[in-house]
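Structure first, commentary second.
Just follow the structure's listing: the first ligand is 1, and inside any ligand the first atom is 1.
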Amino acid sequence: MAGDDRPVCVFDSGLGGLTVVRELTAAMPDENIVYLGDSARVPYGTKSLETVRRFALEDASFLMTHRPKLLVVACNTATAAAIDVLRANLDVPVVDVIHPGARAAVEFTDGPVGVIATEATVASGAYVDAIAELSPSRAVCSAACPLLVPIVEEGRPDDDPIVLHVLSDYLGRLQRFRPSALILGCTHYPLLAGAIAKLMGPETELISSARAAADEAKKFLQGPLAASPDNGAGALKCFTTGDPERFAHLGRRFLGRSIDDVEFVGTDELETR
Ligand code: DGL
């Protein structure tokens with residue numbers, strides 16, 4: 001049966017978006033994926049929304065040269081800064097991570113919702129707005145966790161004492177808030193899920209925005225937009241603005257399998273788009 005084998009293009013500031021690729025592949029193994037990790041400019045979360053908007057537009061323009069059928073913004077910070085301008089400027093459907101994550105939390109519980117995310121995402125109010133749209137009187141408590149992205153990009157495991165120390169500090173206010181659901185509002189955070197779950201306790205369900213975004217992408221890729229069922233294991237092609245060897249080595253943990261095809265693309269090339 002014929003299908004649509006154009007790729008799904010995905011980007012993030014670095015390795016974090018590979019947690020979304022992992023979920024996309026689990027949900028739709030036939031799909032071809034092209035991924036861009038802007039590792040040379042990570043973290044996005046400590047930069048101004050204006051700068052992140054420019055980076056997001058450059059990342060998306062580069063990926064558009066691969067003629068995608070769907071673009072997935074696998075970065076909460078880029079979603080917070082640029083989702084409207086991306087949707088207005090691109091002629092492909094765009095899936096983000098914030099709205100699916102907010103919806104998954106609100107559908108899971110009627111109780112209070114916590115959000116952990118980058119400084120820029122929290123400052124934008126994007127999660128608070130998305131939750132309020134779905135459930136106007138919902139109690140929400142957000143915490144910015146700026147050290148987590150560099151810690152995760154460095155490849156530290158979630159039982160590392162430094163990780164536990166940093167998390168205990170960031171999660172103190174949320175532990176007192178006692179949310180029924182805690183949104184992991186940064187695609188890097190699923191790698192720390194074990195430690196976060198331990199600190200929050202069994203009464204708090206962790207909601208991965210990465211998984212919620214993959215579910216949303218699956219809704220788009222039904223029927224004629226689905227890849228050919230005989231496509232086999234879909235191909236994954238990665239680009240990084242950082243070091244391809246480091247990307248492949250550290251990215252393995254995010255993706256849950258080895259990464260064979262990584263190519264360097266310079267930020268100067270992205271900036272000319
Ligand atoms: N993983 C990204 C996010 O979901 C960006 C993290 C960063 O670069 O600060 O927000």
Give the single entry among N76, V152, I98 that approaches atom 4 (O) of ligand 1 most closely by any heavy atom. N76
Side chains of E153 and L250: does their closest heavy-atom pair fall under 4.5 Å? no
Tell me if the centroids of the rings in F62 and F11 come within less than 6.0 Å of each other. no
Ligand 1 atoms nearer than 4.0 angstrom to some heavy atom of G45 are 7 (C), 8 (O), 9 (O)
Near D12 (heavy-atom distance under 4.0 Å), the atoms of ligand 1 are 1 (N), 2 (C), 5 (C)
Looking only at protein heavy atoms, identify the closest one to atom 7 (C) of ligand 1 and say how far it is in Å. Y44 N, 3.3 Å
Looking at V42, which atoms of ligand 1 are within less than 4.0 Å of one of its heavy atoms? 8 (O)
Is R253 atom CZ crowded by more than 12 heavy atoms from other residues, nucleotides or ligands, each under 6.0 Å away? yes
Are V262 and I259 close enough that some pair of their side-chain heavy atoms sits under 4.5 Å apart? yes
So, is S13 polar-close to ligand 1, with some N/O to N/O distance under 3.5 Å? yes
Salt bridge (charged side-chain N to carboxylate O under 4.0 Å, His left out) partners of residues 205-215, not counting sequence neighbours, each pair once: E23-R211
Give a yes/no on ligand 1: does G14 have at least one heavy atom closer than 4.0 angstrom to it? no
H188 N/O to ligand 1 N/O under 3.5 Å: yes
Please determine whether a side-chain nitrogen of the Lys or Arg among D260 and K237 lies less than 4.0 Å from a carboxylate oxygen of the Asp or Glu. no
re atom 10 (O) of ligand 1, the protein heavy-atom contact at minimum distance is T77 OG1, 2.7 Å
Can D84 and R87 be said to form a salt bridge (charged side-chain N to carboxylate O under 4.0 Å, His left out), step by step? CA-CA 5 Å; D84 291 343; R87 289 206 169 109; 5.3 Å; no
Residue set satisfying side-chain contact (heavy atoms from CB on, under 4.5 Å) with S142, at least two apart, ordered chain then number -> V115, V122, V128, V140
Contact (N/O only, under 3.5 Å) between G16 and ligand 1: no
Should you measure from each heavy atom of P43, which atoms of ligand 1 turn up under 4.0 Å away? 7 (C), 8 (O), 9 (O)
Which of the atoms in ligand 1, numbered in the order shown and given with their element, are less than 4.0 Å from a heavy-atom of T118? 6 (C), 9 (O), 10 (O)
